[in-house]
Amino acid sequence: MNIAALVSGGVDSSVVVHLLKEAGYEPTIFYIRIGMEDKDGYIDCPAEEDIEITTYIAKKYGCRMEVVSLHQEYWEKVVSYTIDAVKRGLTPNPDVMCNRYIKFGCFEERWGKDFDRTATGHYATTTLLDGKIWLSTAKDPVKDQTDFLAQLTDIQVSKLMFPIGGMMKSEVRRIAAENDLPSARRKDSQGICFLGKINYNSFIERYLGKREGDIIEYETGKVIGKHNGYWFHTIGQRKGLGMSGGPWFAVKKDIENNIIYVSNGYDPATQYGKTINIQDFHFITEDVWGEFTDAKEITFKIRHTPEFTRGLLTRNGDIYTIESEKDIQGIAAGQFAVVYDGERKLCFGSGAII
């Protein structure tokens, strides 16, 4: 089988190459340059170290390697989406868009189409059920990344291989160390996909600037602080508000007047909700409920976390609604609500919260 392996220089994708070779495959390694470059030539994602490690992996395992660039597509599909969403006061998820349109979209159209399968270092699995391939969760609940893959199509999922999806992170690290891979002790990337090594607020400031506004206590209407622009803050945010006497959480944004409303963390009524409305819900494999006339028992996530929450999913026209079994903190418009089956195994799909 002819396999393309997407390798970033991190420990996960490096171990993917090792596992593929052990299984008897001869993968072609691709390093995708997906750092963001704007019209002024500003590049914020230095890739030299990543490419150096990836090149070492290719030589160690005797694999052909290509460095390919998707800078322009990244700007058009991911960066522009992120800036626009933030400007509208929403909470975007660029990692989701990166996976759908760049790693498994543009890459597939240009290079992946020449291969039988594409292997990645994502923590996810696939499950064959009723003659269909479903995206399903990884063995390691903390590292599971199905929420970042929940906008893929069934065609994309059917072509993917997740060699480390059945492993714990500790096992992946052990394999890397035992085989002297240079990424064995490298820290996991914590940044948004296209931001690389720069600060998120620095990125936002570059494109949206700063504009001072009031921080107002939601319950009292009292001005208790200042901020540099609503676009730097998200609903549910706790850190970065710069105020004492908390914990304080951002609970509402007035976009027109550039106001952030906050609430003290000891008042749960303003922090939590149970109803989550979703638009443009995307089913990965198929609309599993057909006409969808009854409420469906599901589990779901609204952020990257190992915990699932139980709830009921209903549909009214194009709007899907989750009624959560318990209160959920920080429900933010623009975030993706990701829906799973009741056993927390199959990932059905996702949609943007409104």
Side-chain angles (χ1 to χ4, degrees), residues 91 93 95-96 99-100 104 120 122-158 160-162 164-169 236 268 271-354:
T91 301
N93 193 323
D95 295 284
V96 170
N99 285 326
R100 178 171 183 174
F104 309 123
T120 82
H122 285 93
Y123 284 86
T125 59
T126 56
T127 298
L128 181 61
L129 183 66
D130 297 330
K132 301 180 181 68
I133 296 178
W134 300 79
L135 179 67
S136 46
T137 52
K139 179 180 179 180
D140 191 329
V142 174
K143 301 304 293 184
D144 178 73
Q145 293 174 301
T146 50
D147 51 326
F148 294 133
L149 301 169
Q151 280 280 307
L152 298 188
T153 66
D154 57 344
I155 295 175
Q156 289 171 317
V157 170
S158 66
L160 294 179
M161 296 176 69
F162 303 115
I164 63 171
M167 297 180 177
M168 300 297 289
K169 179 74 177 196
Q271 294 299 315
Y272 297 84
K274 285 188 174 181
T275 302
I276 303 165
N277 291 314
I278 310 163
Q279 66 180 1
D280 301 324
F281 191 86
H282 167 78
F283 284 97
I284 298 172
T285 300
E286 62 179 7
D287 186 338
V288 293
W289 296 297
E291 291 298 321
F292 203 111
T293 56
D294 301 319
K296 307 299 179 183
E297 293 185 0
I298 59 162
T299 55
F300 70 95
K301 298 180 182 182
I302 63 167
R303 57 177 57 84
H304 186 57
T305 172
E307 287 81 28
F308 294 80
T309 304
R310 291 192 174 276
L312 291 177
L313 183 68
T314 57
R315 178 181 179 181
N316 183 8
D318 294 332
I319 303 300
Y320 289 77
T321 299
I322 297 173
E323 289 295 339
S324 176
E325 185 178 79
K326 64 179 183 180
D327 288 334
I328 301 294
Q329 193 267 336
I331 301 171
Q335 282 179 329
F336 282 91
V338 186
V339 173
Y340 300 79
D341 69 337
E343 300 303 316
R344 311 178 185 186
K345 177 68 175 177
L346 300 180
C347 180
F348 290 153
S350 64
I353 298 173
I354 56 176

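Sequential numbering from 1 along the given sequence is applied to the chain's residues.
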Lys274 NZ to Ile322 CD1 distance, which is reported to the nearest 0.5 Å: 14.5 Å

Drop me the distance from Ser324's OG to Ile276's CD1, to the nearest 0.5 angstrom. 6.0 Å

State, yes or no, whether a side-chain contact exists between Leu149 and Phe162 at a heavy-atom distance under 4.5 Å. yes

Test His282 against Thr153 for side chain to side chain contact (heavy atoms under 4.5 Å, CB included), laying out the working first. CA-CA 9 Å; His282 167 78; Thr153 66; 4.3 Å; yes

Taking the six-membered ring of Phe308 as reference, does the NZ or CZ atom of Lys301 fall below 6.0 Å from its centre and within a 45° cone about the axis? yes

Would you kindly say whether Gln335 and Thr91 are connected by a side-chain donor-acceptor distance under 3.5 Å? no

Below 30° counts as parallel, above 60° as perpendicular, anything between as tilted: where do the rings of Phe283 and Tyr320 land? perpendicular

Is it true that, when you exclude Leu128 itself, more than 12 heavy atoms of the residues, nucleotides or ligands shown sit nearer than 6.0 Å to its CG? yes

For Thr146 and Thr137, test the side chains for any donor-to-acceptor distance below 3.5 angstrom and give the result as yes or no. no

Can you name the nearest heavy-atom pair linking Phe336 to Ser350, along with the distance? CD2-OG, 3.8 Å

Check for a donor-acceptor pair, side chain of Thr299 on one end and backbone N or O of Asp341 on the other, with a separation under 3.5 Å. yes

How far does CG of Leu152 sit from CZ of Arg100, to the nearest 0.5 angstrom? 8.0 Å

Using the side chain to side chain contact (heavy atoms under 4.5 Å, CB included) rule, take Tyr123 and Lys169 through it: C-alpha gap first, then chi angles, then the decisive distance, then the call. CA-CA 9 Å; Tyr123 284 86; Lys169 179 74 177 196; 3.0 Å; yes

Quick one: does Ile353's side chain get under 4.5 Å of Ile331's, heavy atoms only? yes

For atom CD of Glu297, decide whether the heavy atoms of other residues, nucleotides or ligands shown that lie under 6.0 angstrom number more than 12. no

Between Asn277 (side chain only) and Ile354 (backbone N and O only), is there a donor and an acceptor less than 3.5 Å apart? no

Distance-minimising heavy-atom pair for Ala124 and Ala138: N-CB, 3.7 Å

Mind checking whether Lys139 and Thr125 have side chains closer than 4.5 Å, heavy atoms only? no

Only one of Asn93, Asp147, Asp95 passes side chain to side chain donor-acceptor pair (under 3.5 Å) with His304, and that residue is Asp147

With rounding to the nearest 0.5 Å, note down the distance linking CZ in Phe300 to OG1 in Thr309. 4.5 Å

Heavy-atom closest pair, residues Ala150 and Cys347: CB-SG, 3.8 Å

From OG1 (Thr314) to CG (Leu312), nearest 0.5 Å: 8.0 Å

Criterion side chain to side chain contact (heavy atoms under 4.5 Å, CB included) on Leu346 and Thr127, from CA distance to verdict: CA-CA 8 Å; Leu346 300 180; Thr127 298; 4.0 Å; yes

Using 0.5 Å steps for rounding, measure from the NE2 atom of His122 to the CD1 atom of Ile164. 9.5 Å

Is it true that Asp154 and Thr285 share a donor-acceptor pair across their side chains at a distance under 3.5 Å? no

Nearest heavy atoms of Ile302 and Gln329, plus distance in Å: CD1-O, 4.2 Å

Using side-chain heavy atoms (C-beta onward) and a distance below 4.5 Å, is Val142 in contact with Met168? no

Is there a side-chain contact between Ile298 and Arg310, using heavy atoms and a 4.5 Å cut-off? no

